[in-house]
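Okay, so here's the structure we're looking at.
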There are 2 protein chains.
Amino acid sequence: MRLTRGDFVESQCVLVVDDDKEIRDAIEIYLRNEGLQVIHAHDGLEAIEVLRGHTIHLIILDIMMPNLDGIKATFQIRKKMNIPIILLSAKSEDTDKILGLQIGADDYVTKPFNPLELIARVKSQLRRYVTLGTFEGNDKVVKLRELVLDPVAREVTVSGEPVHFTPMEYKIFELLITNAGRVFSIQEIYERVWKEPYYDTSDNTVAVHVRKIREKIEIDPKNPRYLKVVWGVGYKMEK
Amino acid sequence: MRLTRGDFVESQCVLVVDDDKEIRDAIEIYLRNEGLQVIHAHDGLEAIEVLRGHTIHLIILDIMMPNLDGIKATFQIRKKMNIPIILLSAKSEDTDKILGLQIGADDYVTKPFNPLELIARVKSQLRRYVTLGTFEGNDKVVKLRELVLDPVAREVTVSGEPVHFTPMEYKIFELLITNAGRVFSIQEIYERVWKEPYYDTSDNTVAVHVRKIREKIEIDPKNPRYLKVVWGVGYKMEK
DNA sequence: GAAAAATCTTAAAAATTTCTGAAGAAGTAG
DNA sequence: CTACTTCTTCAGAAATTTTTAAGATTTTTC
């Protein structure tokens, strides 16, 4: 594991995981050029080690690696945290597997890749996640009238009373309240929360969770003041 | 299926659907050359799968394909989303040409095609849709005297008062107000909002919706100050 | 001014979307 | 293994929207 510059708070930090040092170095140059911090790891185990001790904003994971490969690593990381993961795969055939497995990566790039394309994807993911409120800078407590969400404690209170949220409920609630006022289509909610392609029945799944959330945050769930439906479009948290 | 995936804000993403990999690859090269992202699918079913999970800005669809052909795929896609579709077909299938455009495709190219022509059509469609306000870029609030449309919140206010719009009403209103001053024929409104071929009775449908919109934004719906009729031509939003 | 054409209006039928409760599946902790 | 929680699916109900239909009104044309 090699550290490149200290942990800067202003700048975002990318973890590059590949057993080939040359590739890591090449990627680093481009990321640094964009003002991003870079930390290296040469396999999945080391990557998880790094994640324990550092604040990482995005992970670039090679699939073919010794010890713990990129796919398994993605699984393990996903269980623990909500962080953008970009997979690197050697050949286009591998991408079939990635897609079929639906392992929860946010994006992937085939090797050999165009550095500019990789950078574009990195920036795109970083932008996307910033609005999600998963980063340090956005770890502030979110308040909306009686509702308070504390991302660090992973706790929600309604009028001061703590309320228990299941994992899925929490993720949906977090997405909506950190983007209060914005409408999300059901498909977008499903993709951003589940990180899986949207099925025909997924909208019903989302609807059931929305109902559960309403039971917990609304005085009258049938006439919600917060979590409103926008007919034919999706849901939004009323500001 | 091979993917070059991701939500690009800078770059737009084109889905190329053809069962012939060589053709897909050839098209990809030209599209990439224009700075466009490309995703492949080898038939209509796969295309729809991809659309569920990705942000796509334009679709190039071959007509002759296994499983779900281009025409059926166009129907299904049109039902769900507002996205430019360009159909590809062999020269002999000229009859399909008319059919293709009527079912909701935006343009049509015969094989073998001149790549430059295809690119020109792709860019033309992207330009057209960008100005239509269907993409992320058009997230700005639109104001017109007392009327304010906020696309992010999907909310309309009249003199500060929020007004509820149904999906169809909203789409028509959005089209007219984002192009205030321009006249739209009823047929054009129908095609751009419904994405379906215009029927005999469609003008009545549009008229009913126009009435509903007027009730919501006009002080005196019988003497509209905003949504005006241009006799024998269509409707326009008065600037 | 009368006929033709285009637009407007209202209400009810049809279609679509969302909501809900319950049951079973899947996953976790003891 | 059992008890417990959480997630997904289903089917029907409820709510909302869209379309249709049948005139009524307005504008244009001759």
Side-chain angles (χ1 to χ4, degrees), chain A residues 75-76 78-80 102 104 154 156 163-173 176 183-190 193-218 220-224 226-236, chain B residues 76 78-81 154 156 163-173 176 183-190 193-218 220-224 226-236:
Chain A
F75 266 120
Q76 296 214 10
R78 263 286 165 277
K79 269 198 263 181
K80 296 280 182 187
Q102 294 170 10
R154 214 223 77 140
V156 179
V163 176
H164 171 74
F165 276 69
T166 69
M168 287 299 158
E169 287 162 20
Y170 182 83
K171 283 182 198 161
I172 295 169
F173 180 72
L176 295 179
V183 183
F184 287 87
S185 74
I186 294 170
Q187 178 168 341
E188 191 174 0
I189 292 173
Y190 191 83
V193 169
W194 273 260
K195 293 190 180 295
E196 271 173 29
Y198 175 88
Y199 292 89
D200 291 343
T201 60
S202 302
D203 52 352
N204 191 32
T205 304
V206 174
V208 171
H209 284 285
V210 163
R211 182 177 163 278
K212 291 284 173 71
I213 295 171
R214 278 177 176 157
E215 280 176 357
K216 290 171 187 182
I217 65 172
E218 302 284 358
D220 178 8
K222 302 219 177 195
N223 292 56
Y226 291 107
L227 209 175
K228 296 208 168 177
V229 62
V230 181
W231 231 86
V233 183
Y235 297 96
K236 75 168 170 178
Chain B
Q76 295 212 11
R78 266 288 167 275
K79 269 197 270 183
K80 294 279 181 187
M81 42 175 50
R154 216 221 73 139
V156 178
V163 176
H164 173 77
F165 276 67
T166 70
M168 286 301 165
E169 287 163 17
Y170 183 86
K171 283 182 201 159
I172 295 170
F173 180 72
L176 294 179
V183 185
F184 288 86
S185 74
I186 294 172
Q187 177 164 348
E188 190 173 2
I189 291 172
Y190 191 84
V193 169
W194 273 260
K195 291 279 158 197
E196 270 173 28
Y198 176 87
Y199 283 79
D200 300 346
T201 60
S202 301
D203 53 349
N204 185 29
T205 304
V206 173
V208 172
H209 284 284
V210 164
R211 175 85 225 300
K212 292 280 176 71
I213 294 170
R214 279 176 175 159
E215 279 177 359
K216 289 170 186 181
I217 65 172
E218 303 285 359
D220 177 9
K222 302 219 177 194
N223 291 57
Y226 290 107
L227 209 174
K228 296 206 167 178
V229 62
V230 181
W231 249 83
V233 184
Y235 299 95
K236 75 166 172 178

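Here is the naming used below: chain letters follow the sequence lines, and residue numbers restart at 1 for every chain. Quick note: numbers below take in every heavy atom, side chains included, and nothing from hydrogens, waters or symmetry partners. For clarity, every value in this text was computed on a predicted model and none was experimentally measured.
For R211(B), counting side-chain heavy atoms from C-beta on, the closest listed nucleotide (dT27(D), dT10(C), dC8(C)) is dT10(C). You'll find that the side chain of V208(A) is closest to dG21(C), out of dT16(C), dT9(C), dG21(C). Between dC7(D), dC19(C), dC8(C), one nucleotide has an atom nearer to the side chain of M168(A) than all others, and that is dC7(D). Taking the side chain of H164(A) as heavy atoms from C-beta on, and the options dT6(D), dT16(D), dT26(D), the nearest nucleotide is dT6(D).
Distance, N204(B) CG to dG23(D) C1': 11 Å, rounded to whole Å. The separation between E169(A) atom CD and dC7(D) atom P is 6 Å, rounded to whole Å. Rounded to an integer number of Å, the gap from NZ of K222(A) to C1' of dC19(C) is 8 Å. One atom, CD of E196(B), and another, C1' of dA15(C), lie 13 Å apart when rounded to the nearest Å. Rounded to an integer number of Å, the gap from I172(B) CD1 to dT19(D) C1' is 12 Å.
Minimum interatomic distance between I172(A) and H209(A) (heavy atoms only, all atoms of both residues): CD1-CB, 3.6 Å.
Taking only side-chain nitrogens and oxygens, W194(B) comes nearer than 4.0 Å to OP1 or OP2 of dT19(D). Proximity of T201(A) to the phosphate of dT8(D): no side-chain N or O atom is located under 4.0 Å from OP1 or OP2. A close approach under 4.0 Å does not occur between any side-chain nitrogen or oxygen of T205(B) and OP1 or OP2 of dT18(D). In terms of phosphate contacts, T166(B) brings no side-chain nitrogen or oxygen within less than 4.0 Å of OP1 or OP2 of dT16(D). A close approach under 4.0 Å does occur between a side-chain nitrogen or oxygen of H209(B) and OP1 or OP2 of dT19(D).
Under the ring-ring contact (aromatic ring centres under 6.0 Å, His included) criterion, F165(A) pairs with F173(A), not counting sequence neighbours.
The backbone N or O of L227(B) sits less than 3.5 Å from a side-chain atom of E218(B), completing a donor-acceptor pair. Between the Q187(B) side chain and the Y198(B) main chain, no donor and acceptor come within less than 3.5 Å of each other.
Within 4.0 Å (heavy atoms only), D203(B) reaches no atom of the nucleic acid at all. Among the protein residues, Y235(A) comes within range of the sugar-phosphate backbone only, with heavy atoms under 4.0 Å from sugar or phosphate atoms but none that close to a base.
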